[in-house]
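All values below were derived from every heavy atom in this structure, side-chain atoms included, with hydrogens, water molecules and symmetry-related copies excluded.
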Amino acid sequence: MKKLALIAVICLNLFPKSVAAQQLDPNLQKAFSNASLELIECSAFFAIISESTIAGRETNAEAVNLSQAYRNFSTKAGVYAVEWLKRAAPDWKQIYGRRLTRAFDVMEKDIAADSLALFRKYAGPCQDAVSRPADRLKEWLRIEIEQTPE
């Protein structure tokens, strides 16, 4: 988990320190926030899967390549999450840190309860979210608009 915390710190430092959230339509702001939360969870999921692919095993080229592929998914999810959260909240760094920590905590409990629970819960949705981030953002916006009273 120390490696995962280091990844989070690196991700936070990749982005400018003085970026403030723009004034957005409240529905769009909430959609950015929700899509970001989803991708933060996916970033944590793929980071955990990446580490577990090679942890405690004699690593071979195939395992290393698979681990790197998961790490790439984690990075991609993290980049989108940060970009969208920056648009939703001026205090995006603090929110990102809290959300990422919470995601790791929840996933640790899922793993402790059932080692396959994490995979069943996140694999499909996260693969979809990372491969189609713009579509997921549109879906969150649709949800927010539908929930807004006229």
Ignoring hydrogens and angles, tell me if any N or O in the side chain of [X] forms a donor-acceptor pair with the backbone of [Y] under 3.5 Å.
{"X": "T53", "Y": "I49", "value": "yes"}
{"X": "S50", "Y": "F46", "value": "no"}
{"X": "S43", "Y": "A77", "value": "no"}
{"X": "D25", "Y": "L28", "value": "yes"}

On a heavy-atom basis, which atom in [X] and which in [Y] lie closest, and how many Å separate them?
{"X": "S33", "Y": "R99", "result": "OG-NH2, 2.8 Å"}
{"X": "L39", "Y": "Y80", "result": "CD1-CB, 3.6 Å"}
{"X": "E144", "Y": "A31", "result": "CG-N, 4.0 Å"}

(request) For R142, enumerate each residue passing the salt bridge (charged side-chain N to carboxylate O under 4.0 Å, His left out) test, keeping only those at least two apart in sequence or located in another chain. (result) E139, E146

(request) List for me each residue that meets salt bridge (charged side-chain N to carboxylate O under 4.0 Å, His left out) alongside E62, sequence neighbours excluded, and say none if there are none. (result)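 Applying salt bridge (charged side-chain N to carboxylate O under 4.0 Å, His left out) to E62 gives none.
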
If I take atom [atom1] from residue [X] and atom [atom2] from residue [Y], how far apart are they, to the nearest 0.5 angstrom?
{"X": "N27", "Y": "I145", "atom1": "CG", "atom2": "CD1", "result": "5.5 Å"}
{"X": "L66", "Y": "R71", "atom1": "CG", "atom2": "CZ", "result": "12.0 Å"}
{"X": "N34", "Y": "W140", "atom1": "CG", "atom2": "CH2", "result": "4.5 Å"}
{"X": "C126", "Y": "K121", "atom1": "SG", "atom2": "NZ", "result": "10.0 Å"}

Expected list for residues 128-135: side-chain donor-acceptor pairs under 3.5 angstrom, two or more places apart:
{"residue": "D128", "atom": "OD1", "partner": "R132", "partner atom": "NE", "Å": "2.6"}
{"residue": "D128", "atom": "OD1", "partner": "R132", "partner atom": "NH2", "Å": "3.0"}
{"residue": "D128", "atom": "OD2", "partner": "R132", "partner atom": "NH2", "Å": "3.1"}
{"residue": "S131", "atom": "OG", "partner": "Q127", "partner atom": "O", "Å": "2.8"}
{"residue": "S131", "atom": "OG", "partner": "D128", "partner atom": "O", "Å": "3.2"}
{"residue": "R132", "atom": "NH1", "partner": "D135", "partner atom": "OD2", "Å": "2.8"}

Can you check whether [X] reaches [Y] side chain to side chain, under 4.5 Å on heavy atoms?
{"X": "F32", "Y": "L137", "answer": "yes"}
{"X": "E51", "Y": "Y70", "answer": "no"}
{"X": "R87", "Y": "Q29", "answer": "no"}

(message) Going by the rule side chain to side chain donor-acceptor pair (under 3.5 Å), which residues pair with D105 if we only count those two or more places apart in sequence or in a different chain?
(response) none

(request) Determine whether L37 and L118 fall in the same hydrophobic cluster, where Ile, Leu, Val, Met, Phe, Trp and Tyr are linked whenever their side-chain heavy atoms lie under 4.5 Å apart. (result)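 No.
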
(message) Applying a strict under-4.5 Å side-chain criterion to I, L, V, M, F, W and Y, I'd like to know whether M107 and I40 cluster together.
(response)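 Same cluster: M107 reaches I40 through Ile, Leu, Val, Met, Phe, Trp or Tyr contacts under 4.5 Å.
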
(message) Checking D91 against Q94 for the side chain to side chain contact (heavy atoms under 4.5 Å, CB included) test, could you report, in this order, the C-alpha distance in whole Å, the side-chain angles of both residues, the deciding distance, and whether it holds?
(response) CA-CA 6 Å; D91 58 342; Q94 292 80 16; 3.3 Å; yes

(request) Only counting residues at least two apart or in another chain, list the ones meeting ring pair (Phe, Tyr, Trp, His ring centres under 6.0 Å) with Y122. (result) F45

(request) List the steps, then state whether side chain to side chain contact (heavy atoms under 4.5 Å, CB included) holds for I48 with I111. (result) CA-CA 10 Å; I48 290 169; I111 291 170; 4.0 Å; yes

(request) Scan for salt bridge (Lys or Arg N to Asp or Glu O under 4.0 Å) pairs involving residues 40-50, sequence neighbours excluded, and state none if there are none. (result) none

